[in-house]
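Take a look at the structure set out below.
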Number of protein chains: 2
Amino acid sequence: MDAYEAVFSALAHPARRRILMTLNFERGSMSAGAIAGVFEHSWATTSRHLRVLEDAKLIRSESDGRNRIYYIEYKRFDLLRDWLAWFSEGTGGTK
Amino acid sequence: MDAYEAVFSALAHPARRRILMTLNFERGSMSAGAIAGVFEHSWATTSRHLRVLEDAKLIRSESDGRNRIYYIEYKRFDLLRDWLAWFSEGTGGTK
DNA sequence: AATAAATTTAGCACATAAGCTAAATAAAAA
DNA sequence: TTTTTATTTAGCTTATGTGCTAAATTTATT
């Protein structure tokens, strides 16, 4: 699948944007449980949001014993920055 | 509705991102018909995509006789830039 | 006034997304 | 080795989004 498609649709859900904000606020890494603890949703629902974000490569994970630690993939946000660059006023579509 | 919600969900659909790209390529303004002409979709479908983009304030329109001209709202993209700024590597969430 | 052109709105059908609970896995602790 | 803790997967239901065609609306032309 297209990278833009994955990233933009991952960002379309407010819960997923909040997950990214939360992770970032905690300096980039948190366990699945710690993330789920922040949300109203069931743990299973949050888990699926995490999978969507991971498929979009906006986060990555490692398992650590019985925990799973999620990390923000800061580099991936450059995809968005590049896309946005097309819309810099005055450039007429030129990066 | 939340501005982020409107903008991110507007950007979630590939046809809408293409509309923005097309408009930008044409230096920011086009008639509804010219936009619809670029797409495979029915005119009615494209018209609804335009409405979603307009509700998100990513575009704006004026009617000109029996045509409707759409303009990119370049300033609106700053909302995205500001959001992205939270995820600048090394800033630890500080703008 | 009647017709034509440009565009949107309405209404319907289908697909995808999102929420839940319950069951499955996997590793740690007892 | 049984139980507990952490997390994901499966299956189901409901909500939302998207596409279509047909009808409505609006302005220009004849």
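From a predicted model like this one, the values you see are computed outputs, not experimental measurements. In what follows, chains are A, B, ... by sequence order, proteins preceding strands, each numbered from 1.
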CG of A:Leu50 versus C1' of C:dG19: gap in Å, rounded?
-> 15 Å
In Å, rounded to the nearest 0.5 Å, how long is the span from CD1 of B:Ile59 to NE2 of B:His49?
-> 11.5 Å
Taking every non-hydrogen atom, the tightest pair across B:Ala12 and A:Ala12 | CB-CB, 3.6 Å
Cationic N near anionic O, under 4.0 Å, B:Lys75 to B:Asp78 = no
Could you encode protein contacts along nucleotides 25-30 of chain D as a string, one character per nucleotide from 5' to 3', using B for base contact, S for sugar-phosphate-only contact and - for no contact, with a heavy-atom cut-off of under 4.0 Å?
-> --BSS-
How close or far is atom P of C:dA18 from atom CG of A:Leu11, stated in whole angstroms?
-> 12 Å
Can you tell me the distance, in whole Å, between the CZ atom of A:Arg18 and the P atom of C:dA18?
-> 16 Å
Do the side chains of B:Leu80 and B:Phe8 get nearer than 4.5 Å, heavy atoms only?
-> yes
Just how far, in rounded Å, is P of C:dA17 from CZ of A:Phe8?
-> 17 Å
Would A:Phe39 and A:Trp43 count as a ring-ring contact (aromatic ring centres under 6.0 Å, His included) if you check the C-alpha gap in whole Å, the side-chain angles of each, and the deciding distance to 0.1 Å?
-> CA-CA 8 Å; A:Phe39 292 87; A:Trp43 210 351; over 10 Å; no
C:dT25 P sits how many Å from A:Arg68 CZ, rounded?
-> 16 Å
Looking only at non-hydrogen atoms, find the nearest pair between A:Phe87 and B:Tyr74 and report the distance.
-> O-CD2, 3.4 Å
Identify the two heavy atoms, one from A:Tyr4 and one from B:Arg17, that lie closest to each other, and give their separation to 0.1 Å.
-> C-NH2, 4.0 Å
Verify the contact: side-chain N or O of B:Tyr70 to OP1 or OP2 of C:dT8, cut-off strictly under 4.0 Å; return yes or no.
-> yes
Reading 5' to 3' through nucleotides 9-23 of chain D, protein heavy-atom contacts under 4.0 Å coded B for base, S for sugar-phosphate only, - for none = B--------BBBB--
Could you list the residues that satisfy salt bridge (charged side-chain N to carboxylate O under 4.0 Å, His left out) with A:Arg60, not counting sequence neighbours?
-> A:Glu62, A:Glu73
